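I have placed the structure first, in the form of structure tokens, so that the comments after it can refer back to it.
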Amino acid sequence: MIDLKLVRDDPERARASQRLRGEDETRVDALLAADDARRAAVARADKLRGEQKTIGREVAQASPEHRPAVLARAKHLADEVKAAEADQAEADAALQAAQLALPNIVEDGVVPGGENDFVTLDVAGERPQIENPKDHLEIGAALKAIDTERGAKVSGARFYFLTGVGAQLEFALVNLAMQQASDTGFTQVIAPALVKPEIMQGTGFLGAHAAEVYRLADDDLYLVGTSEVALAGYHANEILEGLPLRYAGFSSCFRREAGSYGKDTKGIIRVHWFDKVEMFSYVDVADARDEHQRLLAWEREFMDKLELSYRVIDVAAGDLGSSAARKFDIEAWFPSQGAYRELTSTSNCTTFQSRRLNIRTRGPSGNVPVATLNGTLVAAARTIACLLDHHQQPDGSVYVPAALRPYLGGREVLSPA
RNA sequence: GGAGGCUUCGCCUAGUCAGGUCUAUGGCGCCGCACUGCUAAUGCGGUUUGGGUCUAAAGCCCAUCCCGGGUUCGAAUCCCGGAGCCUCCGCCA
């Protein structure tokens, strides 16, 4: 939800943001119209309620002979109040719908365009030179680390089992990530994977991409697609002190992958379920851009520990999620694909989520919404896929980055049994 | 799954049985002022959160007693539904 006052004061900025995203700019004017209508309805209802309060007191004080007349007037007024309140409720709902229909205002500097219009900010690490590289599935099968066949048998397509060294790899990655987060001052969190509708709504995932989200209809709960959801909900309806607050959350994540038929059908790059360690920051609005750079730096630090070659991209406006004002992705090199693939992503959501979730801090003149930011430290399945692909050796073994070795019993390579 | 209790403006609390200056009481904490050599103590005043009106401030108005409905001229209070917390029973890793 974007700042209504900002839209009133500077509607052109909101329209420009919509254009940059390639979305409908008339929604801004629809919002302004809904705002006007609501304020008119509120003023009418407030006035009538005031009259009703006055006449209510008169009823109580009226002498027996005057009472019937006053009561008759009061009854008539009650009907008017009821009608005005119904109008107000309708206007409130219309305004809310108009607000929910608008994505966050894009940060200055974001380029227009879609998925392929990103700007490459940096390229790091050396791409390994491998003759006829195998893909992660082949390597994972040889190591008895990944079992997608039994994943499909038990749960269906895009499910997998991590076994043996595969399972160890996940624990190692999660531990390494959590250790880094803790050393950096994040509070470690294990977060629920099921959340209530208002939390899912509040983080902006029930808008355009609602079809991506699993819902448990019997219980009216949603499965989170990212740990960000529960970490954002953690402080819902609170007034925060002592910003910045930083959390590193571990949770399973679930995605329906609707509309991604045919993409990455092999292996565990695109799956319905994976585990994740996510950084999440609550900061003062003025500090949000700097925090975004810090999150990116911490993501890079983790990539460097894994000794991966990667590039950092500044995602174009049309490819931003509805809650993000800006997003940087880190894409790592997959030799078998000859391509960079997204491993992590960090978004500055400014006050978009905090307004919906009512998360504020005390400002010099009253309570103000905080900024929320998120960044992936590690998404286990895809990172394992990348590690196997990227660090494969000609003999079929897999090189273990030095930082991971303490979590893998000191092993320097993983070899097929 | 069953039975009972609880939820009031930071925290605690009065008020709910008998609906009407409840415009929500008092205490603690916090802020300001006074007194004071300093501290403490004391006294006085302020202190929920939203929304609307207004160029702005002040002021005024409306809403807000866990949430949503209902009854009524009028609901913290009565009725229905729901949520959360606690206790006990059952079941369970």
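Because the structure is a prediction, the values reported are computed rather than measured. Every chain is numbered from 1, with letters handed out A, B, ... down the list of sequences.
If you take atom P in B:rG70 and the same atom in B:rC30, they sit 44 Å apart, rounded to whole Å. Only the C1' atoms considered, B:rA76 is 5 Å distant from B:rC65, to the nearest whole Å. Taking the P atoms as reference points, B:rG19 lies 13 Å from B:rA75, given to the whole Å. Between B:rC61 and B:rU23, the distance separating the two P atoms is 13 Å to the nearest Å. On the P atoms, B:rG81 is 28 Å away from B:rU13, given to the nearest whole Å. Going from the C1' atom of B:rA24 to that of B:rU16 covers 12 Å, rounded to whole Å. The same atom, P, is picked in B:rG52 and in B:rC44; the two are 38 Å apart, to the nearest Å. To the nearest whole angstrom, the two C1' atoms, one in B:rU42 and one in B:rU25, are 23 Å apart.
Going from atom CG of A:Asp36 over to atom C1' of B:rG51 covers 16 Å, rounded to whole Å. As a whole-Å value, the separation of A:Asn237 CG from B:rA83 C1' is 14 Å. Rounded to an integer number of Å, the gap from CZ of A:Arg362 to C1' of B:rC31 is 13 Å. Here B:rG10 presents its P atom at 13 Å from CD of A:Glu241, a figure rounded to the nearest Å. Distance A:Lys196 NZ to B:rG82 P: 15 Å, rounded to the nearest Å. B:rG51 atom P lies 12 Å from atom CZ of A:Arg39, rounded to whole Å. What separates CG of A:Leu48 from C1' of B:rG52 is a distance of 14 Å, to the nearest Å.
Under the side chain to side chain contact (heavy atoms under 4.5 Å, CB included) criterion, A:Val42 pairs with A:Arg38, A:Asp46, A:Gln88, sequence neighbours left out. Residues that satisfy the side chain to side chain contact (heavy atoms under 4.5 Å, CB included) test with A:Phe254, not counting sequence neighbours, are A:Ala193, A:Tyr214, A:Leu223, A:Ser252, A:Trp273. Scanning for side-chain hydrogen bond (donor to acceptor under 3.5 Å, both in side chains) contacts around A:Asp9 gives an empty result, with sequence neighbours left out.
Each ring-ring contact (aromatic ring centres under 6.0 Å, His included) pair with one or both residues in residues 14-51 of chain A, not counting sequence neighbours, would appear here, but there are none.
Each of A:Met303, A:Met279, A:Glu301 was evaluated against A:Leu377; a single residue qualifies, A:Met279, per the side chain to side chain contact (heavy atoms under 4.5 Å, CB included) test.
Base pairing analysis places B:rC35 opposite nothing; no Watson-Crick or G-U wobble pair with both distances below 3.5 Å involves it. Across all strands shown, B:rC92 remains unpaired; no Watson-Crick or G-U wobble contact has both distances below 3.5 Å. Using Watson-Crick or G-U wobble geometry with both donor-acceptor distances under 3.5 Å, B:rC30 finds its partner in B:rG46. Base pairing of B:rC85 is made with B:rG5, judged by Watson-Crick or G-U wobble geometry with both donor-acceptor distances under 3.5 Å. Judged by Watson-Crick or G-U wobble contacts below 3.5 Å, the nucleotide B:rU16 has no partner. Under the Watson-Crick or G-U wobble criterion, with both distances below 3.5 Å, B:rU23 is left unpaired in every strand shown. In this entry B:rU53 has B:rG59 as its Watson-Crick or G-U wobble partner, both defining distances falling under 3.5 Å.
A:Tyr247 OH: more than 12 foreign heavy atoms inside a 6.0 Å radius. Atom CD1 of A:Ile190 is surrounded by 12 or fewer heavy atoms from other residues, nucleotides or ligands within 6.0 Å. Atom CD of A:Glu115 sits in a sparse spot, with 12 or fewer heavy atoms from other residues, nucleotides or ligands closer than 6.0 Å. The environment of A:Arg405 atom CZ is dense: over 12 non-hydrogen atoms of other residues, nucleotides or ligands sit within 6.0 angstrom. Within a 6.0 Å radius of CD in A:Gln96, other residues, nucleotides and ligands contribute 12 heavy atoms or fewer.
At least one donor-acceptor pair closer than 3.5 Å links the side chain of A:Asn175 to the backbone N or O of A:Phe171.
Contacts of A:Arg73 with the nucleic acid, taken as non-hydrogen atoms under 4.0 Å apart, are absent.
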For nucleotides 60-67 of chain B, list the nitrogen or oxygen atoms of the protein found under 3.5 Å from its nitrogen or oxygen atoms, one pair per line.
| from | atom 1 | to | atom 2 | distance (Å) |
| --- | --- | --- | --- | --- |
| B:rC62 | O2' | A:Asp46 | OD1 | 2.7 |
| B:rC62 | O2' | A:Arg49 | NE | 2.9 |
| B:rC62 | O2' | A:Arg49 | NH2 | 3.2 |
| B:rA63 | OP2 | A:Lys53 | NZ | 3.1 |

task: List the protein contact pattern of nucleotides 69-74 of chain B with one symbol per nucleotide (5' to 3'): B for base contact, S for sugar-phosphate-only contact, - for none; contact means a heavy-atom distance under 4.0 Å.
output: --S-BS
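For B:rG51, the OP1/OP2 oxygens have no side-chain nitrogen or oxygen of A:Arg38 closer than 4.0 Å.
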